[in-house]
Enquirer: 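Quick one: this structure, given as structure tokens, is what I'll be asking you about.
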Amino acid sequence: MAAFNLTPSDPSTFILTGIPGLEAAHIWISIPFSMFYIIGLLGNFMVLCVVGKEQTLHKPMYLLLCMLAFTDITMSTSVVPKALCIFWFNLKGITVDGCLTQLFFLHAGSMTHSAVLVTMAFDRYVAICNPLRYTTILTNTRIAKLGLVGLMRAVLLVLPIPLLLSRLSFCANHIIPHTYCEHMAVLKMSCGDTTLNRTYGLVVTFVVMGLDLTLIAFSYGLIIRAILKISHKEAHQKAINTCTAHICVMLTTYTPFLFSILTHRFGQGIAPHVHIILANLYVLISPMLNPIIYGVKTKELRDKVGKCPCRI
């Protein structure tokens, strides 16, 4: 019962309010939240299961799919269970350490997810532009190393964010008008100088996202040039189909992410509940749709799903 009676003055606890202005509808909002989360978990665990069990799928592309599934699970699981506790049981309290831990895993998972998408773009570039050298350029070991680099980048760049936040003094109410501990939402509670925190967060977000999107755009520029040189219509269509799933996944990932970041930082005229809903869509929609997109567009993976011993 103590969790229901937490007071905002408790210095060791933050209060997550849920979706501001829509508190009366929390139970109804929890229905799509829980459905999207469960579908995402089942889909991503299915990808991990199928690729893990099928030796024929132990290839670079499917290793990348496993990395994508793992980051999707990390992002959604770091946020959605706590949000559902708020919606269902009014358990709004979260310790300061728990809040900073949630923030770290969310942002590190998001940054690693972006790194995986960059590696996938490189994978598609090699598959289309250098198909004869694909197996020598992209080995499982090389893909694993690229994934490790992406993870290390995320940890090193995200770790200073909770460390910098832990040095701040927070206002007495300790209320976060959000469903989870997002960097800017926590930062707005501070009564001190947040210039360093804001600058670091903004620079990391736009430098990393800018670099990743630039690398993806460069890869697809080369891919488009190679496709335009293909005269045979059937080969032309096959090359385009090779990239379709990756393009769809990028749209489901970067579109809500950029909308959420931009509206949270610069959209002062937008209603608070719109900010929060957009932020939650980022950690719900992409993890739910990614395994569906690759399951539909990748015949080899689709054919193996029915044979997986751990199928649902």
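As a basis for the values below, the full set of heavy atoms in this structure was taken, side chains included, without hydrogen atoms, waters or symmetry mates.
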Enquirer: Any chance the side chains of Y62 and E54 put a donor and an acceptor closer than 3.5 Å?
Expert: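 Note: Y62 and E54 side chains miss the donor-acceptor criterion.
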Enquirer: Please list all pairs meeting disulfide bond (SG atoms under 2.5 Å apart) that have one or both residues in residues 86-132, counting only residues at least two apart or in different chains.
Expert: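 Only C99-C181 qualify under disulfide bond (SG atoms under 2.5 Å apart).
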Enquirer: Keeping to residues at least two apart or across chains, list the side-chain hydrogen bond (donor to acceptor under 3.5 Å, both in side chains) pairs with something in residues 131-143.
Expert: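 The answer is D123-Y134.
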Enquirer: Apart from L156 itself, what residues make up its hydrophobic cluster, given side-chain heavy atom links below 4.5 Å?
Expert: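 Listed partners: none, L156 stands alone.
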Enquirer: Only counting residues at least two apart or in another chain, list the ones meeting ring-ring contact (aromatic ring centres under 6.0 Å, His included) with H246.
Expert: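 Here the qualifying residues are Y220.
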Enquirer: Give a yes or no on whether the backbone of G98 and the side-chain of T95 come within a donor-acceptor separation of less than 3.5 Å.
Expert: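 Looks like yes, one N/O pair under 3.5 Å.
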Enquirer: What's the separation between atom CG in L91 and atom CD1 in I86, rounded to the nearest 0.5 Å?
Expert: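 Separation between the atoms: 8.5 Å.
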Enquirer: With a 3.5 Å cut-off and no angle check, do the side chains of Y282 and T255 form a donor-acceptor pair?
Expert: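 No, because no side-chain N or O of Y282 sits under 3.5 Å from a partner of the opposite role on T255.
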Enquirer: Using 0.5 Å steps for rounding, measure from the CE atom of M152 to the CG atom of L157.
Expert: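 Answer for the CE-CG pair, M152 versus L157, is 11.0 Å.
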Enquirer: So, S114 and Y254: side-chain donor and acceptor under 3.5 Å apart, yes or no?
Expert: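 Checked: S114/Y254 side chains pair up, N/O donor to acceptor below 3.5 Å.
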Enquirer: Is D212 paired with R153 through a side-chain N to carboxylate O contact shorter than 4.0 Å?
Expert: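 Salt bridge between R153 and D212, a charged N being under 4.0 Å from a carboxylate O: yes.
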Enquirer: Transitive ILVMFWY cluster of V203 at side-chain heavy atoms under 4.5 Å: who else is in it?
Expert: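 Same cluster as V203: V207.
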Enquirer: Please answer: with hydrophobic residues joined when any side-chain heavy atoms are less than 4.5 Å apart, are I216 and V249 in the same cluster?
Expert: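 Yes; V249 is reachable from I216 via cluster members.
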Enquirer: Does S190 offer a backbone N or O that forms a donor-acceptor pair with the side chain of T194 under 3.5 Å?
Expert: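 Between the backbone of S190 and the side chain of T194 there is no qualifying donor-acceptor contact (under 3.5 Å).
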Enquirer: To the nearest 0.5 Å, tell me how far S30 OG sits from L84 CG.
Expert: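 So the gap between those two atoms works out to 6.5 Å.
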Enquirer: Listed by chain and number, what are the salt bridge (charged side-chain N to carboxylate O under 4.0 Å, His left out) partners of E23, not counting sequence neighbours?
Expert: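 Here no residue qualifies.
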Enquirer: Nearest 0.5 angstrom please: T119 OG1 to L64 CG, how far?
Expert: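 Rounded to the nearest 0.5 Å, the OG1-CG separation comes to 6.0 Å.
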Enquirer: Check for me, please, whether I276 and I27 land in the same ILVMFWY cluster - side-chain distances under 4.5 Å, paths through other members count.
Expert: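 Yes, because I276 and I27 connect within a single hydrophobic cluster, where side-chain heavy atoms sit under 4.5 Å apart.
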Enquirer: Would you kindly say whether T112 and T71 are connected by a side-chain donor-acceptor distance under 3.5 Å?
Expert: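 Short answer, no.
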Enquirer: How long is the gap from CG on L187 to CG on N197, to the nearest 0.5 Å?
Expert: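 It comes to 5.0 Å.
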Enquirer: Should the ring pair F14 and H174 be called parallel, tilted or perpendicular, given that the plane angle runs from 0 to 90° and is split at 30 and 60?
Expert: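 Ring orientation, 0 to 90° scale: perpendicular.
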Enquirer: Do I224 and L215 belong to the same hydrophobic cluster, where Ile, Leu, Val, Met, Phe, Trp and Tyr are linked whenever their side-chain heavy atoms lie under 4.5 Å apart, directly or via other members?
Expert: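 No, separate clusters.
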Enquirer: Quick one: do F70 and V158 end up in the same hydrophobic cluster if we chain Ile, Leu, Val, Met, Phe, Trp and Tyr together by side-chain heavy atoms under 4.5 Å apart?
Expert: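 Hydrophobic grouping puts F70 apart from V158.
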Enquirer: May I ask whether F89 and F33 are part of the same hydrophobic cluster, defined by side-chain heavy atoms of I, L, V, M, F, W, Y residues being less than 4.5 angstrom apart, directly or through others?
Expert: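 Yes, same cluster.
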